[in-house]
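Values below: every heavy atom of this structure, side chains too, minus hydrogens, waters and symmetry copies. Residue indices begin at 1 and follow the sequence shown.
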Amino acid sequence: PGVQGPPGEQGPPGVQGPPQVCTDLQVCRDLQVSRVLQVCRVPPRCAGSPQLPLQSPPHPTGREMADAAGSLSELERSFRRFAVHGDTKASGQEMSGKNFAKLCKDCKVIDGKSTTGTDVDIVFTKVKAKSARVINFEEFKQALAELSKKRFKSAGEGEAVEAIYALVVGKEPVLAGVTKVAKAGAVDRLTDTSKFTGSHKERFDQSGKGKGKAGREDPVDNTGFVSAYKGQGTYDEKVKGSK
């Protein structure tokens with residue numbers, strides 16, 4: 001009794017009286033969480049003290065939740081790609097220390113300054129089980145969180161973790177020792193069969209496909225006619241035609 005809402009707002013039945021004013025800040029805070037204020041849904045007006053509204057923290061939007069889930073899903077895909085690298089029997093559920101070190105190297109987690117290969121080995125040993133030689137995805141995230149403190153020292157804890165996730169998301173193992181096709185202009189000119197001359201030109205047809213043995217050797221003609229003679233096979237037709 002004796003508590004009333006602000007002007008223009010109808011209070012609950014049976015709650016009337018002048019607006020409540022308190023001069024003690026502690027009393028004001030106690031009143032805010034009291035049952036009376038929950039009924040009135042308004043905080044008291046305090047003389048000489050700021051108003052303390054009751055507000056709930058903002059909830060993440062659906063898009064923010066979806067982005068976080070998508071980022072985590074892409075992180076797990078990268079984890080699986082590196083987990084099965086070089087091992088045909090791997091299931092992708094666990095990652096060895098060798099593959100974890102390769103991930104950190106290929107994804108630029110190791111920068112050679114703040115984070116080194118030794119740091120990666122130490123963190124891997126720290127997060128894995130005592131007798132285990134591999135880590136699962138949850139332990140993998142713990143390892144990245146530990147490395148983020150060294151890789152991004154100036155950033156906050158949450159920002160550092162997001163930054164190191166961004167280095168790994170969407171990446172896959174880099175294949176070493178694989179021969180790549182050269183695309184230099186000089187190589188293109190040397191392999192263009194349409195510009196070949198002389199005997200080399202005879203080794204390819206118009207589409208650039210090789211003729212094989214026929215393009216490398218000259219077949220011997222034993223018919224008895226000279227090479228420039230064009231009337232081969234017409235003798236019978238001429239003799240029969242004249243009769």
Set out, in order, the CA-CA distance, both residues' side-chain angles and the distance that settles side-chain contact (heavy atoms from CB on, under 4.5 Å) for Gln142 and Ile135, then state yes or no. CA-CA 10 Å; Gln142 295 176 14; Ile135 58 175; over 6 Å; no
Give the C-alpha distance, both sets of side-chain angles, the deciding distance and a yes or no for side-chain contact (heavy atoms from CB on, under 4.5 Å) between Leu103 and Met95. CA-CA 10 Å; Leu103 180 145; Met95 179 182 291; 4.0 Å; yes
Could you tell me how the ring of Phe140 sits relative to the ring of Phe79: parallel (under 30°), tilted (30 to 60°) or perpendicular (over 60°)? tilted
Starting at NZ of Lys130, measure out to NZ of Lys128 and round the result to the nearest 0.5 Å. 10.0 Å
Between His85 and Lys102, is a side-chain contact (heavy atoms from CB on, under 4.5 Å) present by the stated rule, with each step listed? CA-CA 10 Å; His85 177 69; Lys102 178 174 178 57; 3.3 Å; yes
Is there a donor-acceptor contact under 3.5 Å from the side chain of Glu139 to the main chain of Asn136? yes
Check this for me: Lys150, atom NZ, are more than 12 non-hydrogen atoms of other residues, nucleotides or ligands nearer than 6.0 Å? no
Quick check: does any side chain N or O of Lys153 sit under 3.5 Å from a backbone N or O of Lys149, one acting as donor and the other as acceptor? no
Decide yes or no on side chain to side chain donor-acceptor pair (under 3.5 Å) for Asp119 and Thr116, but give the supporting numbers first. CA-CA 5 Å; Asp119 298 325; Thr116 62; 3.2 Å; yes
Supply the atom-to-atom distance Ile122 CD1 to Glu146 CD, rounded to the nearest 0.5 angstrom. 11.5 Å
Under 3.5 Å, side chain of Arg77 to main-chain N/O of Gly170, donor-acceptor pair present? no
Between the side chain of Asn99 and the main-chain N/O of Phe82, is any donor-acceptor distance below 3.5 Å? yes
Heavy-atom pair of closest approach, residues Val168 and Ser78: O-OG, 3.0 Å
Just how far is it from atom CZ of Phe100 to atom CD of Glu94, taken to the nearest 0.5 Å? 14.5 Å
Intermediate values then yes/no, side-chain contact (heavy atoms from CB on, under 4.5 Å), Phe137 and Arg80: CA-CA 9 Å; Phe137 182 61; Arg80 292 177 182 273; over 6 Å; no
May I ask you to decide if Lys108's main-chain N or O and Arg151's side chain share a donor-acceptor pair within less than 3.5 Å? yes
Spacing of Glu157 atom CD and Ser148 atom OG [to the nearest 0.5 Å]: 7.5 Å
Show the nearest heavy-atom pair for residues Ala90 and Ala83, with the distance to one decimal. CB-O, 3.8 Å
Reported SG-to-CG distance for the pair Cys104 and Leu167, which is rounded to 0.5 angstrom: 10.0 Å
Common cluster, Val84/Leu75, ILVMFWY with side-chain heavy-atom separation under 4.5 Å: no
Interatomic spacing from CG in Leu144 to SG in Cys107 - rounded to 0.5 Å: 9.0 Å
Donor-acceptor pair, distance only, cut-off 3.5 Å: does the side chain of Thr125 make one with the backbone of Asp121? yes
Spell out, yes or no, whether Val169 and Ile110 are grouped together once hydrophobic residues are joined by side-chain heavy atoms under 4.5 Å, including indirect joins. yes
Please tell me if the side chains of Pro173 and Arg81 come closer than 4.5 Å, counting only heavy atoms from C-beta onward. yes
